[in-house]
Amino acid sequence: MDTFAALTEINNMKKFLLAVAIFLYSVSSFAQNGESRSYLGVKAGMNLSNLKYNPDISGFEPSTKTGYAAGLFVNIGVSKLFSIQPEILYSQMGSDFSQTLTSPGFDGTTSIDYLSIPVLFKLTPGKRFGIFVGPQFDFMVGGKQHAENQPSIYLDDKINGFDLAGTAGLEFWLTRNIGIYGRYIQGF
(Lines give C-alpha, C1' and ligand atoms only; values in the text may rest on other atoms or scores of the structure.)
Protein backbone atom coordinates (compact mmCIF):
# COMPACT_ATOMS: atom_id res chain seq x y z
CA MET A 1 0.00 0.00 0.00
CA ASP A 2 1.48 3.34 -0.96
CA THR A 3 1.59 6.38 1.30
CA PHE A 4 -1.29 8.16 -0.47
CA ALA A 5 -3.58 5.12 -0.12
CA ALA A 6 -2.64 4.75 3.56
CA LEU A 7 -3.41 8.43 4.25
CA THR A 8 -6.71 8.13 2.40
CA GLU A 9 -7.66 5.12 4.56
CA ILE A 10 -6.78 7.05 7.74
CA ASN A 11 -8.87 10.06 6.60
CA ASN A 12 -11.81 7.78 5.77
CA MET A 13 -11.59 6.17 9.22
CA LYS A 14 -11.55 9.62 10.87
CA LYS A 15 -14.68 10.59 8.90
CA PHE A 16 -16.39 7.37 9.93
CA LEU A 17 -15.55 7.82 13.62
CA LEU A 18 -16.69 11.46 13.54
CA ALA A 19 -20.01 10.41 11.98
CA VAL A 20 -20.55 7.68 14.58
CA ALA A 21 -19.73 10.14 17.40
CA ILE A 22 -22.24 12.70 16.05
CA PHE A 23 -24.89 9.99 15.75
CA LEU A 24 -24.32 8.62 19.26
CA TYR A 25 -24.29 12.13 20.76
CA SER A 26 -27.58 13.02 19.09
CA VAL A 27 -29.13 9.74 20.26
CA SER A 28 -28.02 10.21 23.88
CA SER A 29 -29.05 13.88 23.93
CA PHE A 30 -32.58 13.27 22.70
CA ALA A 31 -33.20 9.88 24.34
CA GLN A 32 -33.11 11.40 27.81
CA ASN A 33 -36.22 13.48 27.04
CA GLY A 34 -38.07 10.93 24.86
CA GLU A 35 -41.39 9.33 25.64
CA SER A 36 -42.29 5.64 25.39
CA ARG A 37 -42.72 6.15 21.61
CA SER A 38 -38.94 5.89 21.19
CA TYR A 39 -37.48 2.84 19.44
CA LEU A 40 -34.39 1.59 17.60
CA GLY A 41 -34.43 0.07 14.13
CA VAL A 42 -32.50 -1.31 11.19
CA LYS A 43 -32.91 -0.01 7.65
CA ALA A 44 -32.07 -1.46 4.25
CA GLY A 45 -33.08 -0.27 0.83
CA MET A 46 -32.26 0.61 -2.74
CA ASN A 47 -30.97 3.92 -4.11
CA LEU A 48 -31.59 5.36 -7.55
CA SER A 49 -29.11 8.20 -8.02
CA ASN A 50 -27.86 10.47 -10.77
CA LEU A 51 -24.98 12.95 -10.69
CA LYS A 52 -25.30 16.42 -12.16
CA TYR A 53 -22.17 18.02 -13.55
CA ASN A 54 -21.71 21.78 -13.35
CA PRO A 55 -20.89 22.94 -15.93
CA ASP A 56 -22.37 20.34 -18.26
CA ILE A 57 -19.79 18.33 -20.16
CA SER A 58 -20.44 18.15 -23.90
CA GLY A 59 -20.82 14.56 -25.10
CA PHE A 60 -21.09 13.20 -21.54
CA GLU A 61 -24.56 11.83 -20.75
CA PRO A 62 -25.15 10.72 -17.13
CA SER A 63 -28.01 8.33 -16.32
CA THR A 64 -29.51 6.70 -13.22
CA LYS A 65 -27.41 4.21 -11.24
CA THR A 66 -28.82 1.65 -8.82
CA GLY A 67 -27.15 1.15 -5.43
CA TYR A 68 -28.12 0.21 -1.90
CA ALA A 69 -28.32 1.77 1.55
CA ALA A 70 -28.29 0.12 4.97
CA GLY A 71 -27.95 1.31 8.53
CA LEU A 72 -29.44 2.05 11.93
CA PHE A 73 -31.89 4.61 13.26
CA VAL A 74 -33.47 5.69 16.50
CA ASN A 75 -36.90 7.29 16.58
CA ILE A 76 -37.25 9.60 19.57
CA GLY A 77 -40.83 10.43 20.46
CA VAL A 78 -41.18 14.09 21.43
CA SER A 79 -45.00 14.10 21.46
CA LYS A 80 -47.82 11.90 20.21
CA LEU A 81 -47.53 13.30 16.67
CA PHE A 82 -43.90 14.47 16.45
CA SER A 83 -40.56 12.68 16.68
CA ILE A 84 -36.92 13.17 15.76
CA GLN A 85 -35.14 10.36 13.96
CA PRO A 86 -31.34 10.45 13.57
CA GLU A 87 -29.94 7.73 11.31
CA ILE A 88 -26.55 6.43 10.25
CA LEU A 89 -26.49 4.82 6.80
CA TYR A 90 -23.98 3.42 4.36
CA SER A 91 -25.13 4.53 0.89
CA GLN A 92 -23.94 3.72 -2.62
CA MET A 93 -24.63 6.57 -5.04
CA GLY A 94 -23.33 7.76 -8.40
CA SER A 95 -24.22 7.63 -12.09
CA ASP A 96 -23.90 5.46 -15.12
CA PHE A 97 -22.76 7.43 -18.16
CA SER A 98 -22.21 7.39 -21.90
CA GLN A 99 -19.41 9.38 -23.51
CA THR A 100 -20.06 10.25 -27.17
CA LEU A 101 -17.51 13.03 -27.69
CA THR A 102 -14.77 10.69 -28.93
CA SER A 103 -15.09 8.03 -31.56
CA PRO A 104 -15.75 5.35 -30.61
CA GLY A 105 -17.81 6.38 -27.59
CA PHE A 106 -17.87 4.34 -24.40
CA ASP A 107 -20.02 3.64 -21.35
CA GLY A 108 -19.01 3.69 -17.71
CA THR A 109 -20.01 4.08 -14.07
CA THR A 110 -19.17 6.59 -11.35
CA SER A 111 -19.65 5.04 -7.88
CA ILE A 112 -19.45 7.09 -4.69
CA ASP A 113 -19.90 5.48 -1.27
CA TYR A 114 -21.10 7.66 1.59
CA LEU A 115 -21.59 7.42 5.30
CA SER A 116 -24.83 9.41 5.58
CA ILE A 117 -26.31 10.94 8.71
CA PRO A 118 -29.84 12.23 8.14
CA VAL A 119 -31.61 13.91 11.06
CA LEU A 120 -35.31 13.64 10.28
CA PHE A 121 -38.14 15.62 11.84
CA LYS A 122 -41.16 13.35 11.57
CA LEU A 123 -44.88 13.99 11.78
CA THR A 124 -47.08 10.93 12.32
CA PRO A 125 -50.71 11.94 11.63
CA GLY A 126 -51.89 8.30 11.56
CA LYS A 127 -50.88 5.09 13.31
CA ARG A 128 -49.12 3.67 10.21
CA PHE A 129 -48.23 6.79 8.22
CA GLY A 130 -45.37 9.30 8.64
CA ILE A 131 -44.05 12.37 6.83
CA PHE A 132 -40.47 13.52 7.39
CA VAL A 133 -38.02 16.24 6.41
CA GLY A 134 -34.54 17.19 7.56
CA PRO A 135 -30.87 17.77 6.81
CA GLN A 136 -28.48 15.04 5.75
CA PHE A 137 -24.72 15.04 6.24
CA ASP A 138 -22.79 12.84 3.78
CA PHE A 139 -19.15 11.85 4.29
CA MET A 140 -17.53 10.20 1.27
CA VAL A 141 -15.75 6.97 2.22
CA GLY A 142 -14.72 6.01 -1.31
CA GLY A 143 -15.28 6.76 -4.95
CA LYS A 144 -14.30 5.26 -8.28
CA GLN A 145 -15.02 5.89 -11.95
CA HIS A 146 -14.70 3.03 -14.40
CA ALA A 147 -15.22 3.10 -18.16
CA GLU A 148 -14.98 0.42 -20.85
CA ASN A 149 -11.37 -0.31 -21.83
CA GLN A 150 -10.11 2.44 -19.49
CA PRO A 151 -8.23 2.18 -16.18
CA SER A 152 -10.31 2.95 -13.07
CA ILE A 153 -9.96 6.43 -11.59
CA TYR A 154 -10.16 6.75 -7.79
CA LEU A 155 -12.06 9.90 -6.81
CA ASP A 156 -10.98 10.32 -3.17
CA ASP A 157 -8.88 13.40 -3.92
CA LYS A 158 -10.83 14.63 -6.96
CA ILE A 159 -14.20 15.52 -5.45
CA ASN A 160 -15.39 17.08 -2.21
CA GLY A 161 -15.48 14.50 0.60
CA PHE A 162 -18.44 16.13 2.37
CA ASP A 163 -21.93 16.97 1.13
CA LEU A 164 -24.82 18.69 2.87
CA ALA A 165 -28.22 17.65 1.57
CA GLY A 166 -31.90 18.05 2.34
CA THR A 167 -34.20 15.03 2.46
CA ALA A 168 -37.97 14.61 2.55
CA GLY A 169 -40.18 11.59 2.32
CA LEU A 170 -43.02 9.35 3.45
CA GLU A 171 -43.23 6.09 5.34
CA PHE A 172 -45.93 3.47 5.77
CA TRP A 173 -45.78 0.72 8.40
CA LEU A 174 -47.10 -2.63 7.08
CA THR A 175 -46.83 -4.19 10.55
CA ARG A 176 -45.57 -2.94 13.90
CA ASN A 177 -41.99 -3.87 12.93
CA ILE A 178 -41.89 -3.67 9.11
CA GLY A 179 -42.29 -0.48 7.13
CA ILE A 180 -41.61 0.88 3.69
CA TYR A 181 -40.41 4.36 2.92
CA GLY A 182 -39.45 6.59 0.06
CA ARG A 183 -37.35 9.71 0.18
CA TYR A 184 -35.91 12.32 -2.09
CA ILE A 185 -32.45 13.68 -1.33
CA GLN A 186 -31.11 16.89 -2.89
CA GLY A 187 -27.44 17.69 -2.38
CA PHE A 188 -26.50 21.33 -1.89
Side-chain angles (χ1 to χ4, degrees), residues 5 8-9 11-24 26-27 39-53 60-75 84-98 107-122 128-148 150 152-188:
T8 300
E9 281 299 313
N11 285 335
N12 289 341
M13 183 57 73
K14 286 180 183 177
K15 291 175 191 176
F16 175 76
L17 292 175
L18 175 64
V20 169
I22 291 169
F23 178 74
L24 292 175
S26 64
V27 168
Y39 53 91
L40 295 170
V42 176
K43 235 172 221 217
M46 179 179 73
N47 281 335
L48 297 174
S49 61
N50 195 348
L51 299 175
K52 292 182 181 177
Y53 295 87
F60 191 80
E61 302 295 327
S63 61
T64 302
K65 177 185 180 305
T66 303
Y68 69 89
L72 305 171
F73 70 92
V74 61
N75 187 284
I84 299 171
Q85 183 170 299
E87 302 177 352
I88 186 162
L89 305 169
Y90 175 82
S91 301
Q92 289 183 324
M93 297 185 201
S95 265
D96 290 333
F97 63 85
S98 293
D107 295 331
T109 299
T110 302
S111 299
I112 304 172
D113 299 331
Y114 285 104
L115 184 64
S116 300
I117 303 177
V119 180
L120 306 175
F121 301 95
K122 189 161 64 169
R128 295 180 177 242
F129 179 70
I131 303 166
F132 55 84
V133 65
Q136 179 167 308
F137 309 95
D138 293 319
F139 301 89
M140 186 177 84
V141 293
K144 181 169 68 168
Q145 188 172 65
H146 179 75
E148 295 174 346
Q150 305 284 327
S152 293
I153 300 169
Y154 292 92
L155 304 173
D156 295 339
D157 62 339
K158 295 182 177 26
I159 60 175
N160 190 356
F162 173 76
D163 188 29
L164 175 63
T167 184
L170 305 169
E171 69 180 8
F172 181 77
W173 289 91
L174 302 171
T175 68
R176 183 172 183 235
N177 296 319
I178 299 173
I180 58 174
Y181 67 94
R183 64 177 65 174
Y184 179 79
I185 302 166
Q186 176 66 51
F188 300 124

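Note that the numbering runs from 1 along the sequence shown for the chain. Any value given below was found using the heavy atoms of this structure, including those in side chains, with hydrogens, waters and symmetry copies removed.
- Considering all non-hydrogen atoms of both residues, Y114 and V141 come closest at N-CG2, 4.2 Å.
- Taking CZ of R183 as the start and CD of Q136 as the end, the distance is 6.5 Å to the nearest 0.5 Å.
- To the nearest 0.5 Å, atom CD1 of residue I84 and atom CG of residue L120 are 10.5 Å apart.
- Side-chain contact between Y68 and Y90 is present, with heavy atoms from C-beta onward closer than 4.5 Å.
- Considering all non-hydrogen atoms of both residues, A165 and I185 come closest at CB-CG2, 3.7 Å.
- The shortest heavy-atom contact between D163 and F188 is OD1-N, 3.9 Å.
- Expressed to the nearest 0.5 Å, how far CD of Q85 lies from CZ of F73 amounts to 5.0 Å.
- The two residues F121 and P135 come nearest to each other via the heavy atoms CE1-CD, 3.9 Å.
- Residues M46 and T66 meet the side-chain proximity criterion, which asks for heavy atoms closer than 4.5 Å.
- Under a 3.5 Å cut-off, the side chain of R128 and the backbone N or O of L174 do form a donor-acceptor pair.
- Interatomic distance, CE of M93 versus NZ of K65, reported as 10.5 Å (0.5 Å rounding).
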* Does the side-chain contact (heavy atoms from CB on, under 4.5 Å) test come out yes or no for L164 and F137, once each step is laid out? -> CA-CA 5 Å; L164 175 63; F137 309 95; 3.6 Å; yes

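- Proximity of Q92 to S49: side-chain heavy atoms (C-beta onward) are nowhere separated by under 4.5 Å.
- Here the CG-CZ distance, from D113 to F139, works out to 15.5 Å after rounding to the nearest 0.5 Å.
- Taking CD1 from I180 and CG from L170, the interatomic distance works out to 10.0 Å, rounded to the nearest 0.5 Å.
- Between N47 and S91, the shortest heavy-atom contact is ND2-CB, 3.7 Å.
- No more than 12 heavy atoms of other residues, nucleotides or ligands shown are found within 6.0 angstrom of CD1 on I178.
- Summarising the geometry of L89 relative to L72, their closest heavy-atom pair is CD2-N, 4.5 Å, with the distance given to 0.1 Å.
- Residues meeting the salt bridge (charged side-chain N to carboxylate O under 4.0 Å, His left out) test with K122, sequence neighbours left out: E171.
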